[in-house]
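Beneath this line is the structure, given in structure tokens, with notes to follow.
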Amino acid sequence: MPQYFRDLGTALEWRARGETLRVEAWGSDGVRVRATPAGPLLDDLPGALLGTPPDGGAVEIKISEHHATLVHGALTVRIDAGTEGALTPELGATAGTLTFTRTEDGTELLAEEPAHFWWPGPRLATATGNGHHRLEQRFRAYRGERLYGLGQHTHGMLDQKGAVIDLVQRNAEVTIPLLVSDRGYGLLWNSPAIGRVELAETGTRWVSDSARQIDYWITAGKPADVLRRYADVTGHSPELPEWASGFWQCKLRYRTQEELLEVAREYRRRGLPLSVIVCDFFHWTHLGEWKFDPAEWPDPAAMVRELDEMGVKLMVSVWPSVSPASENYHPMLNQGLFVGTEFGPMAHADWPDKGLGAYSAQVAFYDATNPEAREYVWDRIRCGYHDLGITVFWLDAGEPELKPGHQYNLRYHAGPGLEVGNLYPRENARTVHDGLRAAGETEIISLNRSSWAGAQRYGAALWSGDIGTDFATLRTQIKAGLNVMMSGIPWWTTDIGGFHGGDPDDPAYREVLVRWFQYGTFCPLFRLHGFRGDEQVLEPAMTGLANEVWSYGEEAYEILAGHLRLRERLRPYVMEQMRTASETGVPPMRPVFLEFPDDPAAWRVEDAFLLGPDLLVAPITEAGARERDVHLPAGARWTDAWTGEEHDGGRTVTVAAPLDRIPLFLRDGAQLSVREET
């Protein structure tokens, strides 16, 4: 009888037909699963898990002739040898099949399932050359299962059962491969490879287009437990700096130092709270020089000092792309600091740059997976910005924004593009994080257009990219943001009002802006941005229409100013939730089911959420709507924050929502300063 199993103390290993499968205890109630079609397991591949797993308690391993089990806290894993009843045991498709159950009662949480009784099995490796394979991992489907997380997507679904999700980074489409199930488990696909996940009624399949081994982590528990365990194994976020919980003013784009300062001064003259103002792209001399153009920004140090005196932080846009006109281009090229290509020159996208007239440059991206490249770019950022007192950076186009998006042609320091391409935005955030840490800064946050698993440990906030400016987009954003929260990223925001267009003088758009601003008041980060007006040619002199809170008429202004003050009153509560997120991994903005998993109706709520445990927020997302239905979760008593009317949970109520009001409910007598004192 072949010896398929090995007891490795805290890990259980199965070997047959050249394949190695290892299940290893990894944090509380969790295991890491790795499988390679041939040869030894590889320990040096990039992933999201921290290098050393946190202590998760005792591990019990039992081995019998036909199967073996590993018990680790709430999770039990069984490996079947595939020999019982098989005509040819060594070739049976069920050989080495995994089943994950709840230790307490033996309930099946998730199980591998072969595609066919003969071949292929639940894991399939098809050679792509040079030791790499197209890898497939198949699991059983469960009727009625609900699935959340997976980063940020524009498909408009909160429950993603039935979706096919590309595992690739694109503007507004962010891959964070953590999946949370209502069946009581969470699964992290611990691979930055390009691929997809299929959440079909006939089965779940994870695919890596070209990689060297299957690697995933799974834990048992309710959704909040999953997020706690996930933070333990991939890293906790730092605590959000207090100033970052206030209001951020932004538009595309302030063209000069005086224009930006005058906006900040106007906020002060009006007595409106302002925490951050943003200097967007094309402020630089050339793309990839990471410094101000003195023709438009003659004394940035004085600008930073004046803003500091007003209590306002300056955030500066930093791009990962480098124009051939940049003074850094040839030194970086010669030192091998760009993302490499398998075919053709180091040209990853075309982009406008100053001095080129109507033409675009073929730009390259620095290799954020290369420690030397990160050090070089940070040194340029330090000289161009940090030495002036700037500590907040907006990492735009950090997918990276390839044109065309041919990852197979890229060669990173960390590996081939198809194997590691999704890693880039996390390592780009790491450039700023590590640089600021080395400079002695203790409050670190960057705003990123893309992300990947583990980015939260580098203080990486995420915003939802270049999106539309209508109510349909707002409805989609609510679901996208909640899935980001279910993906372990606690700092998130949208462009309030959307990005592409919007006429400040159009009454219909003003309504969109007001309702979006109300929603944004309760997002983890509160930020107004957008490219207002008709579409323009992408070029260095471009700028959109005005996008300040006074730009939308007197009626809108009074409502927006009132919500600025509301956010200020709630900031102590917001910061309390940010501390909770840092310490536990439970996000500040929560799907209703996260707080009320035992209320079946809570799992069906897709257009409302909780800010922390005590404030239920129900945005208005339809033109002309002046009331809406709100489900009040069972297990609590709810108070209308505007009227004081009380309701028992477990019911749906219809509430008024005039243009100046977003429906809000307080849980179990919670005392929050929602209404403005008169």
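Every heavy atom of this structure was used, including side-chain atoms; hydrogens, water molecules and symmetry mates were not. If you're wondering where the values come from, they're calculated on a predicted model, not measured in any experiment.
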Practice problem: Would you please test Thr154 and Glu173 for side chain to side chain donor-acceptor pair (under 3.5 Å) and show each step? | Solution: CA-CA 7 Å; Thr154 57; Glu173 297 283 338; 2.4 Å; yes
Exercise. Let me see the working for Arg170 and Thr175 under side chain to side chain contact (heavy atoms under 4.5 Å, CB included), right down to the final yes or no.
Key: CA-CA 8 Å; Arg170 301 186 180 111; Thr175 286; over 6 Å; no
Practice problem: Please step through side chain to side chain contact (heavy atoms under 4.5 Å, CB included) for the pair Arg430 and Arg374, ending with a clear verdict. | Solution: CA-CA 8 Å; Arg430 185 178 180 181; Arg374 291 198 299 269; 3.6 Å; yes
Exercise. Test side chain to side chain contact (heavy atoms under 4.5 Å, CB included) on Val174 and Leu462 and set out the steps.
Key: CA-CA 9 Å; Val174 178; Leu462 176 66; 4.1 Å; yes
Quiz item: Going through the checks in order, is the side chain to side chain contact (heavy atoms under 4.5 Å, CB included) test met by Leu179 and Leu199?
Solution: CA-CA 10 Å; Leu179 195 63; Leu199 306 175; 3.9 Å; yes
Exercise. Any chance you could lay out the ring-ring contact (aromatic ring centres under 6.0 Å, His included) test for Tyr216 and Phe139, step after step, and finish with the verdict?
Key: CA-CA 13 Å; Tyr216 62 92; Phe139 294 108; 5.6 Å; yes
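Taking OG1 from Thr476 and CD from Gln152, the interatomic distance works out to 11.0 Å, rounded to the nearest 0.5 Å. Distance check, rounded to the nearest 0.5 Å: CG of Leu21 to CD of Glu19 gives 6.0 Å. A distance of 6.0 Å separates CE of Met346 from CZ of Arg411, quoted to the nearest 0.5 Å. Expressed to the nearest 0.5 Å, how far CG of Leu418 lies from NE2 of His406 amounts to 11.0 Å. For the atom pair CD of Gln477 and OG1 of Thr494, the computed distance is 6.0 Å after rounding to the nearest 0.5 Å. Taking NZ of Lys313 as the reference point, atom CD1 of Ile445 lies at 11.5 Å (rounded to 0.5 Å).
For Gln160 against Gly149, the heavy-atom pair with the smallest separation is NE2-O, 2.8 Å. The minimum heavy-atom distance between Leu49 and Asn190, with the atom names listed, is N-OD1, 3.4 Å. Contact record, Leu395 with Val432: CD2-CG2, 3.9 Å, taken as the closest heavy-atom pair. Of all the heavy atoms in Val420 and Gly415, the pair that sits closest is CG2-O, 3.5 Å. The minimum heavy-atom distance between Pro352 and Glu539, with the atom names listed, is CB-CA, 4.2 Å. Of all heavy-atom pairs between Gln456 and Pro490, the closest is CB-CD, 4.0 Å.
By the ring-ring contact (aromatic ring centres under 6.0 Å, His included) test, His283 pairs with Phe292, Tyr385, sequence neighbours left out. Remark: Tyr376 engages no residue in a ring-ring contact (aromatic ring centres under 6.0 Å, His included) (not counting sequence neighbours).
Sparse packing is recorded around CG of Asn130, with 12 or fewer heavy atoms of other residues, nucleotides or ligands lying under 6.0 Å away.
At least one donor-acceptor pair under 3.5 Å links the side chain of Asn370 to the backbone N or O of Glu372. Remark: the backbone N or O of Leu98 is paired with a side-chain donor or acceptor of Glu112 at under 3.5 angstrom. In this structure a side-chain-to-backbone donor-acceptor pair under 3.5 Å is present from Arg123 to Gly96. Within the 3.5 Å criterion, the main-chain N or O of Gly344 finds a donor-acceptor partner in the side chain of Thr341. Using modelled atom types, one side-chain atom of Thr493 and one backbone atom of Leu525 make a donor-acceptor pair closer than 3.5 Å. Using modelled atom types, one side-chain atom of Asp367 and one backbone atom of Thr369 make a donor-acceptor pair closer than 3.5 Å. In this structure a side-chain-to-backbone donor-acceptor pair under 3.5 Å is missing from Gln362 to Ala347. Within the 3.5 Å criterion, the main-chain N or O of Ser237 finds a donor-acceptor partner in the side chain of Ser582. Formation of a donor-acceptor pair under 3.5 Å by the Asp159 side chain with backbone atoms of Lys161 is found in this model. The backbone N or O of Ala127 sits nowhere less than 3.5 Å from a side-chain atom of Arg134 that would complete a donor-acceptor pair.
Aromatic rings from Trp189 and Trp217 are positioned such that their centres are separated by 6.0 Å or more. Checked against a 6.0 Å centroid threshold, the rings of His386 and Trp290 do not count as neighbours.
Side chains of Phe282 and Asp353 form no contact here, defined as non-hydrogen atoms less than 4.5 Å apart. Contact of the Leu178 side chain with the Tyr230 side chain is registered, since non-hydrogen atoms from C-beta on lie closer than 4.5 Å.
A salt bridge links Glu419 with Arg212; the closest basic N to acidic carboxylate O contact falls under 4.0 Å. Ionic pairing of Arg382 and Asp379 is present here: one or more N-O contacts between side-chain nitrogen and carboxylate oxygen are shorter than 4.0 angstrom. Looking at Arg527 and Asp495, a side-chain N of the basic residue comes within less than 4.0 Å of a carboxylate O on the acidic one, giving a salt bridge. Between Glu296 and Lys354 a salt bridge is recorded (basic side-chain N to carboxylate O distance below 4.0 Å). A salt bridge links Asp396 with Arg449: the closest approach of a Lys/Arg side-chain nitrogen to an acidic carboxylate oxygen falls below 4.0 angstrom. A salt bridge links Arg205 to Glu198: one of the charged nitrogens lies within less than 4.0 Å of a carboxylate oxygen.
Among residues at least two apart or in separate chains, ring-ring contact (aromatic ring centres under 6.0 Å, His included) pairs with a member in residues 429-450 are His433-Tyr458.
By the 30° and 60° cut-offs, the orientation of the rings of Phe531 relative to Phe499 is tilted. Ring geometry, His153 versus His155: the interplanar angle falls under 30°, so the pair is classed parallel (tilted spans 30 to 60°). Using the six-membered ring where Trp is involved, Tyr424 and Phe365 have ring planes that are perpendicular, over 60° apart on the 30 and 60° scheme.
Between the side chains of Trp206 and Ser208, no donor-acceptor pair is found at a separation under 3.5 Å.
A cation-pi arrangement is absent between Arg22 and Trp14 under the rule of less than 6.0 angstrom and at most 45 degrees off the ring axis. Cation-pi geometry between Arg32 and Trp26 is met: the NZ or CZ atom falls under 6.0 Å from the ring centre, inside 45° of the normal. Under a cutoff of 6.0 Å and an axis angle of 45°, Arg253 and Trp284 do not form a cation-pi pair.
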